[in-house]
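Just below is one structure, and these are the notes that go with it.
Because only heavy atoms are used, hydrogens play no part in the values below, and waters and symmetry mates are left out as well, while side chains stay in. Since we're looking at a predicted model, the values are computed, not measured. Numbered from 1 within each chain, the chains take letters A, B, ... in sequence-line order.
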Number of protein chains: 2
Amino acid sequence: MSDISTISRRESGEDRRRSIALAARTLIAEKGLEGLRTRDIAQRVGINIATLHYHVPTKEALVALVAESLRDDFQAQAQRHPRTGKSGLEQLRLEFADFRETVTDTPEMIVVLPNLFERARRDPAIGAIVLPLYDYWRQQFTDIFTLGIADGSFRRNVDPAAAACIVTGALSDHWRGWTDFRASLDALIAELERAFIRNLTD
Amino acid sequence: MSDISTISRRESGEDRRRSIALAARTLIAEKGLEGLRTRDIAQRVGINIATLHYHVPTKEALVALVAESLRDDFQAQAQRHPRTGKSGLEQLRLEFADFRETVTDTPEMIVVLPNLFERARRDPAIGAIVLPLYDYWRQQFTDIFTLGIADGSFRRNVDPAAAACIVTGALSDHWRGWTDFRASLDALIAELERAFIRNLTD
DNA sequence: GTTTCTCAATCAAGTGATTGATTGATGACA
DNA sequence: TGTCATCAATCAATCACTTGATTGAGAAAC
């Protein structure tokens, strides 16, 4: 038998801030940063506006909290599958699998992160939190291409840094889904592999 | 000798709306859509807020005006250099040259357009204006790859639609400039060519 | 008792938009 | 040429909220 009188509306600071960040992420995905309102967030969480300010003092701090929340999730996902000892091509394929998983598991991250990247142009504090994610992601591919050239997976004349930019650009463009005019993810990934793998007659 | 008494503050509706659109574009580039204020636009143009509403009745109509303004500029630029009679690879190179020119000539378009693409998720009216631009751009590359396969410029196993997505993704990612971790435009373009050109021993 | 958390009411400034008056430009007419 | 009517364009003042944030009191947890 549940005791209604023990139901509390309180959450620890950390839990509450997590709830706030998640609600804000959802709302940014729905309405963009331009439509983000502190009252809407409070309502979505189920708290009073003053409670929201108790936990997160300004709107600016709120956006930073969202950025940190996304950074932490992104980093948790990046550690899921170890890469040690695999060839360049194998690692490339694992990165593609990871990408597919991210798109499936956290679709809202896909929408919110670019909004924060855009905001980073004007807000160095946000940039300091999220831009390293992009750098890290790109560095992963650069390392994979360097390895793949050395192990014979990829063409010798591949420029690892430029190739990394091509791959991250193509994948992030795909994840944005602005337009229905796009190749399927399978076709895109297959073409990305063909673009760099070493020709058998080389 | 100039006659001061003939100086007027009036502009035709069309000229005024053009001024308003350009000011709004500049402000979106500076502050994002979330920081766009009708009074700021009016001030930037040098008119009263009521005058702005006289010409453009709502903020929503204003964003649509910006979208149309960008569409028109984009389309004007797309017609600059004819492509007829050139090989797939030559056309690809012309597209890259066009891209370079756009980035140089209208840097603010580079920032504003993606903001409108994002807004298009939530605002079908804006999407109807700007998303066809992306489709058109992508279709250009698809056609180029199709042609280039037929004329022997590109590998036979290139999937034109997927390759177009890769190129447009890589270029648009580059133009965004979120991070300093990127290849130079020259290196990116060179790698994009290597990704698709036909190997001499094929 | 102390600390943390929550709330309703409120504040001050900002925001998109409106109102009513005025000005400027143009064409018709005497 | 001068006058008048008309319409387009402009403005200051104002409206009706909206917005991020604050205040002071009370509740909950330890």
Side-chain angles (χ1 to χ4, degrees), chain A residues 2-25 27-28 30-67 115 119 122-123 125-126, chain B residues 2-25 27-28 30-67 115 119 122-123 125-126:
Chain A
S2 64
D3 184 357
I4 286 184
S5 71
T6 67
I7 293 182
S8 163
R9 310 196 50 181
R10 289 188 155 222
E11 279 183 25
S12 72
E14 194 176 313
D15 289 342
R16 188 63 87 192
R17 274 189 294 279
R18 176 81 183 154
S19 300
I20 289 166
L22 291 177
R25 281 161 63 166
L27 281 162
I28 292 170
E30 289 172 18
K31 303 186 180 184
L33 275 168
E34 88 232 41
L36 187 67
R37 298 290 179 266
T38 53
R39 283 181 170 86
D40 292 343
I41 299 163
Q43 183 177 57
R44 193 62 69 99
V45 177
I47 56 175
N48 181 277
I49 182 67
T51 308
L52 185 124
H53 282 287
Y54 175 83
H55 291 282
V56 187
T58 62
K59 190 171 182 184
E60 188 172 19
L62 182 68
V63 175
L65 180 69
V66 168
N115 275 274
R119 180 157 173 147
R122 301 181 297 276
D123 188 338
I126 300 299
Chain B
S2 64
D3 184 357
I4 286 185
S5 70
T6 67
I7 295 183
S8 162
R9 308 199 50 184
R10 288 182 162 228
E11 279 183 24
S12 71
E14 195 176 314
D15 289 342
R16 190 62 87 191
R17 276 190 293 282
R18 176 80 181 154
S19 301
I20 290 168
L22 291 177
R25 280 161 62 165
L27 282 163
I28 293 171
E30 289 173 17
K31 303 184 183 185
L33 276 167
E34 85 231 42
L36 187 66
R37 298 289 178 266
T38 54
R39 282 180 169 87
D40 291 344
I41 299 163
Q43 183 177 57
R44 193 63 68 100
V45 177
I47 56 175
N48 180 276
I49 180 67
T51 307
L52 186 123
H53 282 287
Y54 174 82
H55 291 284
V56 187
T58 62
K59 190 170 181 185
E60 189 172 19
L62 182 67
V63 175
L65 180 69
V66 169
N115 275 276
R119 182 158 171 147
R122 302 179 296 275
D123 188 339
I126 299 300

When you compare the protein's N or O atoms with those of nucleotides 9-12 of chain D, which come within less than 3.5 Å of each other, and at what distance?
residue: D:dA9; atom: OP1; partner: B:Gly13; partner atom: N; Å: 3.1
residue: D:dA9; atom: OP2; partner: B:Tyr54; partner atom: OH; Å: 3.3
residue: D:dA9; atom: O4'; partner: B:Arg10; partner atom: NH1; Å: 3.1
residue: D:dA9; atom: N3; partner: B:Arg10; partner atom: NH2; Å: 3.1
residue: D:dT10; atom: OP1; partner: B:Arg9; partner atom: O; Å: 3.4
residue: D:dT10; atom: OP1; partner: B:Glu11; partner atom: N; Å: 3.4
residue: D:dT10; atom: OP1; partner: B:Arg16; partner atom: NE; Å: 3.2
residue: D:dT10; atom: OP1; partner: B:Arg16; partner atom: NH2; Å: 2.4
residue: D:dT10; atom: OP2; partner: B:His55; partner atom: NE2; Å: 2.4
residue: D:dC11; atom: OP1; partner: B:Arg9; partner atom: NH2; Å: 3.0
residue: D:dC11; atom: OP2; partner: B:Asn48; partner atom: N; Å: 2.8
residue: D:dC11; atom: OP2; partner: B:Thr51; partner atom: OG1; Å: 2.8
residue: D:dA12; atom: OP2; partner: B:Asn48; partner atom: ND2; Å: 2.8
residue: D:dA12; atom: N7; partner: B:Asn48; partner atom: ND2; Å: 3.2

Of all residues at least two apart in sequence or in a different chain, which pass the side-chain hydrogen bond (donor to acceptor under 3.5 Å, both in side chains) check with A:Gln43? none
When rounded to whole Å, the NZ to C1' distance for the pair A:Lys59 and D:dT18 reads 11 Å
What is the separation between atom CG on A:Leu62 and atom C1' on D:dT19, rounded to the nearest whole Å? 14 Å
Using atom NZ of A:Lys31 as one end and atom C1' of D:dT19 as the other, report the distance to the nearest whole Å. 13 Å
Rounding to an integer number of Å, can you tell me how far B:Leu65 CG sits from C:dG16 P? 16 Å
Take A:Arg119 and A:Asn115 through the test side-chain contact (heavy atoms from CB on, under 4.5 Å) and record every step on the way to the result. CA-CA 6 Å; A:Arg119 180 157 173 147; A:Asn115 275 274; over 6 Å; no
OP1 or OP2 of D:dG20 less than 4.0 angstrom from a side-chain nitrogen or oxygen of A:Thr38, does that happen here? yes
Scan A:Leu36 against the nucleic acid and name what it touches under 4.0 Å (heavy atoms): base, sugar-phosphate only, or nothing. sugar-phosphate
Roughly, in whole Å, what's the span from CG in A:Asp40 to P in D:dT18? 11 Å
Send over the distance from A:Arg39 CZ to D:dT19 C1', rounded to a whole Å. 6 Å
Identify every side-chain donor-acceptor pair in residues 53-65 of chain B under 3.5 Å, counting partners at least two apart or on other chains, and give the distances.
residue: B:His53; atom: ND1; partner: B:Pro57; partner atom: O; Å: 3.1
residue: B:Thr58; atom: OG1; partner: B:Ala61; partner atom: N; Å: 3.0
residue: B:Lys59; atom: NZ; partner: B:Leu36; partner atom: O; Å: 2.7

Which whole-number value in Å describes the distance from A:Glu34 CD to D:dT18 P? 18 Å
For a quick check of understanding: with a heavy-atom distance under 4.0 Å over all strands, which category does B:Leu52 fall into, base, sugar-phosphate or nothing? nothing
Rounded to the nearest angstrom, tell me the gap between atom CD1 in B:Ile20 and atom P in C:dA17. 13 Å
Minimum side-chain heavy-atom gap A:Asp40-A:Arg44 below 4.5 Å: no
CA sep, side-chain torsions, deciding dist, call: B:Ile47, B:Glu11, side-chain contact (heavy atoms from CB on, under 4.5 Å): CA-CA 11 Å; B:Ile47 56 175; B:Glu11 279 183 24; over 6 Å; no
May I ask you to test the B:Ile28-B:Val66 pair for a side-chain heavy-atom distance under 4.5 Å? yes
Taking it one step at a time, do B:Val45 and B:Leu52 satisfy side-chain contact (heavy atoms from CB on, under 4.5 Å)? CA-CA 9 Å; B:Val45 177; B:Leu52 186 123; 5.5 Å; no
